[in-house]
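Some notes on the structure that comes next.
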Number of protein chains: 2
Amino acid sequence: MDWIDRFAGLSKLPAPIRDLLVEKSMIVKVPKDTVIFGPGKAPENLLLLIEGTVRVSQTTEGGREIVLYRVHAGESCVLTTACLLAYEDYSAEGIAETDVVAAAIPRDVFDKLVSDSTDFRQFVFSAYSRRITDLFYVIEEIAFRRIDIRLAQKLLELGRDTGSLHTTHQQLATELGTAREVISRQLQDFQRRGWVVLSRAVVTLTDTAALEKLARSE
Amino acid sequence: MDWIDRFAGLSKLPAPIRDLLVEKSMIVKVPKDTVIFGPGKAPENLLLLIEGTVRVSQTTEGGREIVLYRVHAGESCVLTTACLLAYEDYSAEGIAETDVVAAAIPRDVFDKLVSDSTDFRQFVFSAYSRRITDLFYVIEEIAFRRIDIRLAQKLLELGRDTGSLHTTHQQLATELGTAREVISRQLQDFQRRGWVVLSRAVVTLTDTAALEKLARSE
DNA sequence: CACTGCTCTGTGACAAGATCACCGACCGAC
DNA sequence: GTCGGTCGGTGATCTTGTCACAGAGCAGTG
């Protein structure tokens, strides 16, 4: 099976376009924690993630950080290419959250594909759309949602499959753009209620139903 | 002079492309306060703003609102087309903040231009880039910046030329995604310091230097 | 003019969240 | 074991958000 079949929007491309894409792209493997792009490190290629996830976050001068969105397998890093194309000074950075396998499409091939294929354009624009709605969501949550609800959502998002997360309180604070102490206190509160069990750098979810109820509330 | 010359990224287009663009687009006039796009109101065209400004904001189910960015003369509403192309259910809306004159480019012409012209692609992607960095900025400000600093910035942004703004406290709160009471108290504080003078629905800036100092601080 | 209804602003009490300072618990390396 | 570093806990304090309500200004109406 071709890697391209993992991308819903790409598998239906006409054969010549599809072949060009497969032929001109390189499969790259990136170890966990690699900085894929960031200030002063513009990506040369458009990445299509075949395996793994990339976490995109922003850091202020003051050293505070917030997670903007994640790129999962089957999605692409479109924002980065276009952004860096125009503004070099943008401060978001992308980090491989796991080991990552990706198809790297050189900029000129990307440009040719956008020019030649309606379907590829559709793919690119809908990828944009996805990211932008993610950003809208982040803005809405930060501005208006209570922190306990946001934390419950995040715990479920990050730990639903395994039932536990290997994360420090600081990392959770960064996810939500808040302070470590706030997260610590909220987690203690959740623990008192029997929804989670805490130990060093581990949060185990013990009552996902209750967390979900909170996450959905309001 | 052609309207197209107002757009830095478009005036250098090759003649045939340029002619296509001018010929196929329609000049539309939109009165102040018109909802240009929003939930359930997808735009059929890409708008290039020739005169006026469009305010793009987001409203939650709870009725709370925050301003995301503004599109000024010489810029385009790219996000809307692409977003709505993929996700119908997105909640941002665009309102004409003044009377607006714009060139409307039908979707199929837009698509053809993107296909045919490298320069037009460049224009589109850099317009995206601009909006996305705006969103990044909003996220950073909401998450980490003190409200007095943000208010000072906003007062200067909206009132620098005339030295006063015709705005209610509620509108300023919406600009910053906060509550009216917070703005009222901050403005009173600014007034006590002699930086502004308040009257019903009017804020007059009387010490922009001091406001700028605060806005730049940190 | 007086009356009415509306929008806009002011205020106090309180809750939630952020910040600061500091400490102790835990962990791995040596 | 001890040492240095990370991780988490805690109280005090400040900022911001929320709630409830009151009063001030303004327009329209008779």
Side-chain angles (χ1 to χ4, degrees), chain A residues 33 59-66 138-155 164-193 196-204 214-215 217-218, chain B residues 33 59-66 138-155 164-193 196-204 214-215 217-218:
Chain A
D33 295 330
T59 307
T60 67
E61 333 73 57
R64 303 211 40 184
E65 192 182 350
I66 182 168
V138 169
I139 291 174
E140 183 174 324
E141 293 293 298
I142 297 182
F144 303 126
R145 193 78 64 190
R146 296 170 47 98
I147 197 73
D148 52 350
I149 295 174
R150 297 212 289 138
L151 178 57
Q153 288 173 352
K154 194 53 89 172
L155 291 176
S164 75
L165 10 182
H166 291 235
T167 327
T168 67
H169 297 182
Q170 180 56 61
Q171 285 172 317
L172 287 169
T174 296
E175 291 285 335
L176 302 177
T178 181
R180 202 244 329 145
E181 299 90 319
V182 175
I183 297 297
S184 290
R185 291 194 244 257
Q186 288 294 341
L187 284 175
Q188 286 173 57
D189 196 47
F190 287 177
Q191 187 172 40
R192 266 194 295 278
R193 299 185 197 197
V196 302
V197 172
L198 303 175
S199 65
R200 190 182 172 89
V202 178
V203 182
T204 309
L214 175 61
S217 72
E218 210 110 323
Chain B
D33 295 328
T59 307
T60 68
E61 333 72 58
R64 303 211 41 185
E65 193 182 349
I66 182 168
V138 169
I139 291 174
E140 183 173 325
E141 294 292 298
I142 297 183
F144 303 126
R145 194 79 64 192
R146 295 170 49 99
I147 198 74
D148 52 350
I149 295 175
R150 297 211 288 138
L151 178 57
Q153 288 173 353
K154 194 53 88 173
L155 291 176
S164 74
L165 10 183
H166 291 235
T167 326
T168 67
H169 297 184
Q170 180 56 61
Q171 285 172 317
L172 287 168
T174 296
E175 291 284 335
L176 301 177
T178 182
R180 201 249 325 147
E181 298 91 318
V182 174
I183 297 297
S184 289
R185 292 194 244 258
Q186 288 293 342
L187 285 175
Q188 285 173 59
D189 195 47
F190 288 177
Q191 187 172 42
R192 266 193 296 278
R193 300 183 197 196
V196 304
V197 173
L198 304 175
S199 66
R200 190 185 173 86
V202 178
V203 182
T204 309
L214 175 60
S217 71
E218 209 112 324

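Letters go in sequence order (proteins before strands), and every chain restarts at 1. No hydrogens, no waters, no symmetry mates; every other heavy atom, side chains included, goes into these values.
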Could you state the atom-to-atom distance from [atom1] of [X] to [atom2] of [N] in whole Å?
X        : N      : atom1 : atom2 : result
A/Leu198 : D/dG8  : CG    : C1'   : 10 Å
A/Gln170 : C/dT19 : CD    : P     : 12 Å
B/Leu172 : C/dG10 : CG    : P     : 12 Å
A/Arg192 : D/dG8  : CZ    : P     : 16 Å

Tabulated below should be each protein N or O lying under 3.5 Å from an N or O of nucleotides 24-30 of chain C; please produce it.
none

| said: Give me the atom names and distance for the closest heavy-atom approach of B/Ile149 to B/Ala215. | reply: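 Closest approach of B/Ile149 to B/Ala215: CG2-O, 3.6 Å.
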| query | Counting just side-chain N and O atoms, does A/His169 come under 4.0 Å of either OP1 or OP2 of D/dG9? | reply |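 Indeed, a polar side-chain atom of A/His169 lies that close.
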| request: Enumerate the residues from residues 181-190 of chain A whose closest heavy atom to DNA chain D is under 4.0 Å, giving them by residue number; use none for an empty result. | output: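 A/Glu181, A/Ser184, A/Arg185, A/Gln188 - these, ordered by number, are the residues of the stretch whose heavy atoms sit under 4.0 Å from the strand.
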Given side chains that start at C-beta, do those of [X] and [Y] come closer than 4.5 Å, heavy atoms only?
X        : Y        : answer
B/Val203 : B/Leu155 : yes
B/Arg145 : A/Thr60  : no
A/Ile139 : B/Ile142 : yes
A/Glu141 : A/Val138 : no
A/Glu140 : B/Arg64  : no
B/Ile66  : B/Thr174 : no

| So, does B/Gln171 use its side chain to make a donor-acceptor pair with the main chain of B/Thr168 at under 3.5 Å? |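 Pair found, side chain donor or acceptor close to backbone of B/Thr168.
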| field | Nearest-nucleotide comparison on DNA chain C, the residue closer to the 5′ end among A/Arg64 and A/Arg180 | value |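 Upstream on the strand: A/Arg64.
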| note | side-chain hydrogen bond (donor to acceptor under 3.5 Å, both in side chains) filter on A/Glu175, not counting sequence neighbours, yields A/Arg70, A/Lys154
| In residues 141-150 of chain A, which ones come under 4.0 Å of DNA chain C, going by heavy atoms? | A/Arg146, A/Ile147
| query | What residues form a side-chain contact (heavy atoms from CB on, under 4.5 Å) with B/Arg200, not counting sequence neighbours? | reply |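 B/Arg200: no side-chain contact (heavy atoms from CB on, under 4.5 Å) contacts found.
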Under 3.5 Å, which donor-acceptor pairs link side chains of residues 182-190 of chain A to any protein atom two or more places apart or in another chain?
from     : atom 1 : to       : atom 2 : distance (Å)
A/Ser184 : OG     : A/His169 : ND1    : 2.9
A/Ser184 : OG     : A/Arg180 : O      : 3.4
A/Gln188 : NE2    : A/Ser184 : O      : 3.4
A/Asp189 : OD1    : A/Arg192 : NH2    : 3.4
A/Asp189 : OD2    : A/Arg193 : NE     : 3.3
A/Asp189 : OD2    : A/Arg193 : NH2    : 2.8

